[in-house]
Amino acid sequence: MELKQKSTLQEALVEMTKWNKQKIVIKSDDGMILGDLSLQDVINSIQSGLTTLTLEQFFQKRESYDKGQNFDQFLQSEMFRILIDSLYDGLYVTDGEGRTLIINEAYERITGITADKIIGMHMSEMEKKGYISRSISLEVIRQKKAVTRMQRIANGRNAMVSGTPVFDTDGSMLMVVNIVRDMTDLFKMQTELEDLKEWQAEVDRYLPNSEKTTFIAEDEQSIAFLGMVQRVASSSATVCLMGETGVGKTRTASYIHEHSKRKEKPFVALNCGALSESLVEAELFGYVAGAFTGASAKGKKGLIEVANGGTLFLDEVGDLPLSVQVKLLKVLDELTFTPVGSTTSKQVDVRIIAATNRPLEELVAGGKFREDLYYRLTVVPLYIRPLRERPKEVQRLIRLYLKQLNDKHERHVILTDEVLRYLEAYSWPGNIRELKNVIEYLVVTSQTTYISVHQLPPNVIKEEQPHNINRSLKQAIENFEREKIEQALAFHKTTRAAAEALGISQSALVVKRKKWQSPS
């Protein structure tokens, strides 16, 4: 008896009956064993209408069936249940038609839907009942390929679902395996991260100086003022800084914050006179989504909230509109505020330091500033003297800014003694701000190492013109020599070439330079 892999089941029945065989071994054409074939297997298959099925096809189908049975047994095993329940992400398995077969504990945790409610349920029914917004399994079955989509769960959570098809050897779909990842916490973390970035951007935007604030005090009055500032810094009292524009009110406020218990929290500064009434209110108190035309769809935190736990510095507070003054008074009295467009107040812990170059008493008398707010802001009033009343500090400030700006612009500019005298005698109507600007102007524009008088800004030279008359002839000649030597060195690069161009000896040029560079 000889049966080949291409023989049909009908032929096998004839041969096995003829030779009275209950079981035979079937081999392939190349001699490999395909498997054992029993007479009962043949009879059962023929009764199922598979008469023309070849033996090769029969063994392939039986192998697939056996695998399926084994797979089903594995799916029902305790080992498989332990395996899928150990996954952090949800697992959802349907058959090839979209009926629910298996879910794991993570899926129950993410969705709040238990297995006893949905095992056996078709995915279209899941959609109808509102368990899910859209079935990924049905998408996989329709497209016959892996699909990843966002899915809204009935409990309000968002999930990222990746569905993968599993095919049989004949290309039919056996099942769809879905991995379900809870995105709600991830979205929340992302939102918090965006809020943190936005908060940091706001803080960076309003920080006047990220470096440690330097406070210079040379005379008795300045030293006494510094002592007062240090005592005030250790308290939580509201401070109002008064003085002309540019005297250092922002730096004083920053110094107070850096020496307070709030130094690890934000220091946020706002120039109240730089914004319109509507904008200053939105900047200070923030707003909710849709509060006004052009408002961000997400709303925005106000600077009071950004500075929570720290210090809010309100420069030019006298320019605040009366409507905003009312809301600021509530912050000072109750430590609460209400964002624009909201009906809910928020609690805040913030220290306010105000500053003004305008007499608030006159504004109160003219009805432009609330009297109650005036008294709340001026718990500790501190007056900062203009720079013209602090002549001993001018040279220290010049040297401080000269070093900083030389480093910043990678220069090595040096001020001559005559230039220093001009700057010390100047009245500085713009105070420290003007002084810093003048030094930066000299550092940036100078073509020589040493700065001479003619390089000073015209307004400084014009004011100090009378001093030129009083200079000695010797000093004038020395300054002229110094300027010419520096110009020659800048052009010729070496002392030998510069001396030759000027008609003097190299040793004479070197001696003169050493004299000018020696400390006075």
Interatomic distance, [X] atom [atom1] to [Y] atom [atom2] [nearest 0.5 angstrom]:
X    : Y    : atom1 : atom2 : result
I353 : L377 : CD1   : CG    : 11.5 Å
Y88  : I179 : OH    : CD1   : 14.0 Å
D89  : N178 : CG    : CG    : 12.0 Å
E125 : S135 : CD    : OG    : 12.0 Å

Got a sec: does the [atom1] of [X] have more than 12 other heavy atoms crowding it under 6.0 Å?
X    : atom1 : result
Y383 : OH    : yes
E371 : CD    : no
K265 : NZ    : no
Q347 : CD    : yes
R181 : CZ    : no

Atom of [X], atom of [Y] and distance for their closest heavy-atom approach:
X    : Y    : answer
L402 : L415 : CD2-CG, 4.0 Å
E244 : N431 : OE1-ND2, 3.2 Å
V379 : T238 : CB-O, 3.5 Å
F285 : I304 : CE2-CD1, 3.4 Å
P391 : E389 : CD-C, 3.3 Å
G130 : A154 : O-CB, 3.3 Å

Under 3.5 Å, is there a donor-acceptor pair between the [X] and [Y] side chains?
X    : Y    : answer
S222 : E393 : yes
E258 : S254 : yes
Q151 : R134 : no
Y441 : Q455 : no
Y92  : S137 : no
Q230 : Y255 : yes

Item checked: E281/V340 under side-chain contact (heavy atoms from CB on, under 4.5 Å): CA gap, chis, key distance, verdict -> CA-CA 8 Å; E281 183 175 10; V340 177; 3.8 Å; yes
Minimum side-chain heavy-atom gap [X]-[Y] below 4.5 Å:
X    : Y    : answer
D417 : R421 : yes
V438 : R433 : no
L373 : L332 : yes
R388 : Y426 : no
V239 : R351 : yes
L387 : E434 : no
W428 : L423 : yes
L320 : L284 : yes

Under 3.5 Å, side chain of [X] to main-chain N/O of [Y], donor-acceptor pair present?
X    : Y    : value
N308 : D349 : yes
N155 : I110 : yes
S133 : R152 : yes
T416 : V419 : yes
N406 : V413 : yes
N104 : G90  : no
E108 : A115 : yes
S234 : R231 : yes
S235 : V232 : yes
R385 : R390 : no

Item checked: From CA spacing to verdict: side-chain contact (heavy atoms from CB on, under 4.5 Å), M121, Y131 -> CA-CA 11 Å; M121 185 180 292; Y131 286 136; 4.1 Å; yes
Notebook entry, point to check: Hey, mind stepping through L420 and I398 against side-chain contact (heavy atoms from CB on, under 4.5 Å) and telling me if it holds?
Noted result: CA-CA 8 Å; L420 282 173; I398 289 171; 3.9 Å; yes
Margin query: Determine whether I118 and M126 satisfy the following criterion, side-chain contact (heavy atoms from CB on, under 4.5 Å), listing intermediate values before the conclusion.
Written below: CA-CA 8 Å; I118 57 174; M126 290 278 289; 3.4 Å; yes
Next item on the list: Give the ring-plane orientation class for F313 versus F267, where under 30° counts as parallel, over 60° as perpendicular and anything between as tilted.
Entry: parallel
Can a salt bridge be assigned to the pair [X] and [Y] using a cut-off of 4.0 Å between side-chain N and carboxylate O?
X    : Y    : answer
K249 : D315 : no
R376 : D372 : no
R358 : E316 : no
R109 : D182 : no
E139 : R142 : yes

Checklist line | K300 vs E283, salt bridge (charged side-chain N to carboxylate O under 4.0 Å, His left out): CA-CA, chis, key distance, verdict | finding: CA-CA 9 Å; K300 182 182 177 182; E283 284 289 316; 3.2 Å; yes
